[in-house]
Amino acid sequence: MGADSEPSDARRDVRTGEVAPSGTGSVWRARLVAALPGLVLVVIGVLGFLVVYDSVRERDDLWFTDDAVLAWMVAHRTAAATSVLTVVTNLFGPVVLPILVGVGCLWWGLATRRWWEPGLLAGAMIASTVVSTLLKALVARPRPDDAAMVVPGVERSFSFPSGHTIGAATLVLVGGYLVWRQWQEGRQRRLVLVVWVAVSVVVIAVVGGSRLYLGYHFVTDVLAGASLAVAVLGGVVVIDRLHEIKRLSAANGRD
């Protein structure tokens, strides 16, 4: 066997470096290994959400930061910051963001002639919206008082979790992952990872902060939304990596 030969029961994906074994037992092991990173993210996201939810339900721990942070934000508003953060919150709101995501996914698919990635992103955004809407109805937490809102009474839906935050976080986390995964191992892929993480932190912080600053949410609402987005990312990673294993197994069978 030559130095560059692969084992007879496996095929390696040149982009991800993963191996798709042909044996039934090997396939199931490969599926478990492939799904593990995503499952870890799901667990982290769900646990994070449950910790925040418990503090809200029991009115302890993180719950004590809600009124204090909201009061500080209201006391330190400026006209310039209010204008900028109003644009941010509108951009990632339930009207503009779905349009931007829909157009972006359509362009992505047409430009690359690959619909798997934009389909995953669109599906993740829909899933995050459904999860947020259901949890808002189940928890039924009221919004901050109208007096704290920049535009009193403009937000009438329930507060927990923050829909803006879960939407923005899902967009940057899932979108970043789908871009990062297409790069081969090496310096450029590591650079893309650093940029992805940095952009995700900034976007989530700015969008979540805008909801606090404008008086439409509490800190725990924002943290819950971000945690759920991590869980959604985990689900996407599981689906995507299992799909890749299936694709490699099919290619191995054809050969």
Side-chain angles (χ1 to χ4, degrees), residues 11-18 20 30-31 34-35 37-39 41-42 45 87-134 163-186 188-204 206-207 225-226 228-255:
R11 172 173 293 276
R12 182 175 297 277
D13 181 279
V14 296
R15 177 174 55 79
T16 64
E18 295 174 352
R31 288 175 178 172
L39 293 175
L41 288 171
V42 171
V87 172
V88 170
T89 205
N90 289 337
L91 185 63
F92 287 90
V95 176
V96 178
L97 187 60
I99 296 174
L100 294 177
V101 171
V103 172
C105 288
L106 180 61
W107 174 84
W108 190 353
L110 292 174
T112 63
R113 297 187 182 278
R114 289 171 56 93
W115 293 99
W116 176 251
E117 289 83 4
L120 274 180
L121 178 57
M125 296 301 294
I126 293 172
S128 68
T129 300
V130 171
V131 168
S132 174
T133 302
L134 290 176
H164 283 67
T165 303
I166 190 176
T170 299
L171 175 62
V172 293
L173 291 176
V174 174
Y177 163 74
L178 293 173
V179 171
W180 169 78
R181 66 188 277 281
Q182 297 183 63
W183 290 80
Q184 295 183 16
E185 293 291 346
Q188 288 184 324
R189 196 180 200 216
R190 292 192 294 270
L191 178 59
V192 172
L193 176 61
V194 171
V195 172
W196 168 29
V197 173
V199 170
S200 295
V201 170
V202 170
V203 170
I204 294 170
V206 171
V207 175
L228 290 171
V230 172
V232 172
L233 170 63
V236 169
V237 172
V238 170
I239 294 170
D240 181 54
R241 290 172 68 87
L242 290 179
H243 175 266
E244 185 69 8
I245 290 292
K246 182 178 180 180
R247 184 186 70 81
L248 294 176
S249 296
N252 191 35
R254 288 195 298 269
D255 293 345

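- Counting all heavy atoms, side chain and backbone alike, Ala35 lies closest to Val238 at O-CG2, 3.5 Å.
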List the atom pairs, with distances to 0.1 Å, where a side-chain N or O of residues 192-203 and a protein N or O form a donor-acceptor pair under 3.5 Å, not counting sequence neighbours.
| from | atom 1 | to | atom 2 | distance (Å) |
| --- | --- | --- | --- | --- |
| Trp196 | NE1 | Val172 | O | 3.2 |
| Trp196 | NE1 | Leu173 | O | 3.3 |
| Trp196 | NE1 | Ser200 | OG | 3.4 |
| Ser200 | OG | Trp196 | O | 2.8 |

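- When every heavy atom of Ile245 is checked against every heavy atom of Ala34, the shortest pair comes out as CG1-CB, 3.8 Å.
- Looking at Trp180 and Leu191, their side chains never come closer than 4.5 Å, going by heavy atoms from C-beta outward.
- Partners of Trp116 under the side chain to side chain donor-acceptor pair (under 3.5 Å) rule, at least two apart in sequence or in another chain, are Asp240.
- Shown are Leu228, Val236, Val232; of these, the side-chain contact (heavy atoms from CB on, under 4.5 Å) with Thr170 is made only by Val232.
- Counting heavy atoms from C-beta outward, Arg114 and Glu117 have side chains that approach closer than 4.5 Å.
- In summary, Glu244 and Arg241 do not engage in a salt bridge, as defined by a charged side-chain N under 4.0 Å from a carboxylate O.
- At least one side-chain heavy atom of Trp115 sits less than 4.5 Å from a side-chain heavy atom of Leu110.
- With sequence neighbours excluded, the residues that form a side chain to side chain donor-acceptor pair (under 3.5 Å) with Thr165 are Ser162.
- Between Val230 and Leu41, the closest heavy-atom pair is CG1-O, 3.6 Å.
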Using residues 94-102 as the side-chain source, report each donor-acceptor pair under 3.5 Å to any protein atom, sequence neighbours left out, with the distance given to one decimal.
none

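- Remark: Phe92 CZ to Ile204 CD1 distance equals 10.0 Å, nearest 0.5 Å.
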Could you tabulate the donor-acceptor pairs under 3.5 Å formed by side-chain atoms of residues 120-133, not counting sequence neighbours?
| from | atom 1 | to | atom 2 | distance (Å) |
| --- | --- | --- | --- | --- |
| Ser128 | OG | Ala124 | O | 3.4 |
| Ser128 | OG | Met125 | O | 2.8 |
| Thr129 | OG1 | Met125 | O | 2.9 |
| Thr133 | OG1 | Thr129 | O | 2.8 |

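- Note on residues 89-108: pairs passing side-chain hydrogen bond (donor to acceptor under 3.5 Å, both in side chains), not counting sequence neighbours, are Thr89-Arg211.
- Distance check, rounded to the nearest 0.5 Å: CD of Gln188 to CH2 of Trp183 gives 4.5 Å.
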